[in-house]
A.B. asks: 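Here you go, one structure.
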Amino acid sequence: MSAPEGRKYTQTHEWVSIDGDIATFGLTDHAQSELGDITYLELPDVGDPVTAGESFGVVESVKAASDVYSPIDGEVVEINAAAVDGPEVINASPYEAAWLVKVRIADPAQLESLMDTAAYDEYEANA
Amino acid sequence: MSEELMNTPLTERHIALGGRMVPFAGWNMPVQYEGVIAEHNAVRTAAGLFDLGHMGQFSVIGPDALAFLQYTTTNDLSGLEPGQAKYTLLGNPDGGVIDDLIVYRNPVGEEGYMVCMNASNSAADSAWWFQQSSEHPEFDVTLEDISPKTGMIAIQGPNAQAITARITDADLDSIDYFSWANGTVAGVPAKIARTGYTGEEGFEFYTSINDIAGVWDALLEAGQDDGLVPVGLGARDTLRLESRMPLYGQELGMTISPYEAGLGWAVSLTKGDFIGREPMAAVKANKPARKAVGFKYVGRGGAPRTHYPVAVDGEEIGEVTSGTFSPTLGENIGLALIKSEFAGIGKPFEIIVRGKPVEAVQVKVPFYKRES
């Protein structure tokens, strides 16, 4: 399954969509499939800073806990409270309903280093 | 150092069924197929099929078979009639536990006993028994690790008996809980045991290793209209934990007394001498310093995991031995080994999850009990 067009991707299987100076982060289909049944999601608070390559949240399946890494620097402006309350939505709709946080982008140049859809599809196929 | 993983006779089937294979105790085993929660729920509501090819089996026969098992394990096996089974522990001389076991007395017409061992311990168990036998030649026994020639699978769940009945000539109603009998299953000779590790009704099948794949195939086919699904190690763990069955290496270990682990019922101090008896008796007499307790979350937080600290008012009082999100209850549950003075149903403590305390309360175990 190809990842959605028009987004950027990390090697740790997060996606980013960009709308002006706001970036939305989520987990890719590959990530949710590898994790299995997701039972818990921990997100930062609005106003918290996030840093490229560092953990901003935790997602847990029945078997394990995994960090979620920030693709870029920024400040959290909104979190998906519905996904915190019902984290199984990450399995059901990783690219749409299960966005995780919206972040005010600190440095747009950081987006350049992320993978585009074609590059991520190839990366994921070899993961 | 990479040792090659061992395969069971069913490995190719797991892969064909979409199983996600992981290393477990040196074996290449499916952790899940469709998903842990779906498989867990299938066992609670319909039936699940488990590959137990990683588990070990040990044969003890000879005139002193009972005496040898009485001396090397903790429970009193003297009352076992042919065909009956009992849970027991392989104690070490310090009063800890080398493994937990089910001992089956062979059915009428066959002498001796078969012991079912954990995958992770079977080599150590076997070596221990051979060592004990050579140090105690007074026991006239013949020992054999029969794991390499024994196949083992289980079917568990409310539909397990109806499904099994379609492919066996055995009178399943006549096999009591913790008993086994010889029968033909899918056209091959098997020992059919009413035992399991899920808290549900069901059977474990022991056959020749060459026959087990045929039994697996026949059961999957016989159960396809009754919700039978293959179940991986992930759901095996959540099922056993809801039913408060111990897992060696977590609730049990070389430095945990059975009396601390809540398994004093599997130790008979009155049956005569056995390895570990004195230190175990001392722990019981002095009241165990630690106690295994069940808990569930009151607060919100990540699931409890093995080795997470347990605290009261900032003081560490023990650690989680097993924990999980419970698919049946829809909440986080676990077992912890804590200082005895803090134990008590209804008493609160905190689980430290990645540095953050999560409120929990001690509850009665098992967390789940099937309606009978």
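Convention: sequence-line order gives letters A, B, ...; per-chain numbering from 1.
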A.B. asks: Given a strict heavy-atom distance threshold of 4.5 Å, which part of B/A235 is in contact with chain A: side chain, backbone, both, or neither?
C.D. replies: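 No part of it gets close to chain A.
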
A.B. asks: Can you tell me how far apart CZ (B/R354) and CD (A/E60) are? Round to the nearest 0.5 Å.
C.D. replies: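 Spacing of CZ (B/R354) from CD (A/E60) equals 4.5 Å.
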
A.B. asks: Under 6.0 Å from the NZ atom of A/K102, do we count more than 12 heavy atoms belonging to anything else shown?
C.D. replies: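 More than 12 within 6.0 Å, yes.
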
A.B. asks: With a 6.0 Å cut-off (strictly less than), is the heavy-atom count around NZ of B/K347, excluding the residue itself, greater than 12?
C.D. replies: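 Buried by this count: over 12 neighbours within 6.0 Å.
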
A.B. asks: What part of A/V62 is in contact with chain B, defined as an atom under 4.5 angstrom from a non-hydrogen atom: side chain, backbone, both or neither?
C.D. replies: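 A/V62 touches chain B through backbone and side-chain heavy atoms alike.
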
A.B. asks: Between B/D237 and chain A, with a heavy-atom cut-off of 4.5 Å, which part of the residue counts as in contact: side chain, backbone, both or neither?
C.D. replies: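 The side chain, not the backbone.
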
A.B. asks: Above 12 or not: heavy atoms from other molecules or residues under 6.0 Å from CD of B/E331?
C.D. replies: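 More than 12 heavy atoms, drawn from other residues, nucleotides or ligands, come within 6.0 Å of this atom.
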
A.B. asks: Between chain A and each of B/G301, B/S326, B/G35, count heavy-atom pairs under 4.5 Å; write down the option with the most.
C.D. replies: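 So the answer, after comparing B/G301, B/S326, B/G35, is B/G301.
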
A.B. asks: Of all heavy-atom pairs between B/R300 and A/L41, which one has the smallest distance, and what is that distance?
C.D. replies: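 Closest pair (atom of B/R300, atom of A/L41, distance): NH2-O, 3.2 Å.
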
A.B. asks: Under 4.5 Å, heavy atom to heavy atom: which of residues 72-83 of chain A reach chain B? Give them by number, or say none.
C.D. replies: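 Listed by number: none.
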
A.B. asks: Check whether more than 12 heavy atoms from other residues, nucleotides or ligands sit under 6.0 Å from atom CD of B/E12, and answer yes or no.
C.D. replies: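 No - once you tally the heavy atoms of other residues, nucleotides and ligands closer than 6.0 Å, there are 12 at most.
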
A.B. asks: Go through B/A303, B/G330, B/P327 and name the one with the most non-hydrogen pairs under 4.5 angstrom from chain A.
C.D. replies: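 Top count of heavy-atom pairs under 4.5 Å with chain A: B/A303.
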
A.B. asks: Around atom CG of A/D107, are there more than 12 heavy atoms from other residues, nucleotides or ligands closer than 6.0 Å?
C.D. replies: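 Check passes, neighbour count above 12.
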
A.B. asks: Run the numbers on A/E42 and B/K356 for side chain to side chain contact (heavy atoms under 4.5 Å, CB included), then give the verdict.
C.D. replies: CA-CA 12 Å; A/E42 199 168 281; B/K356 284 183 221 161; 2.8 Å; yes

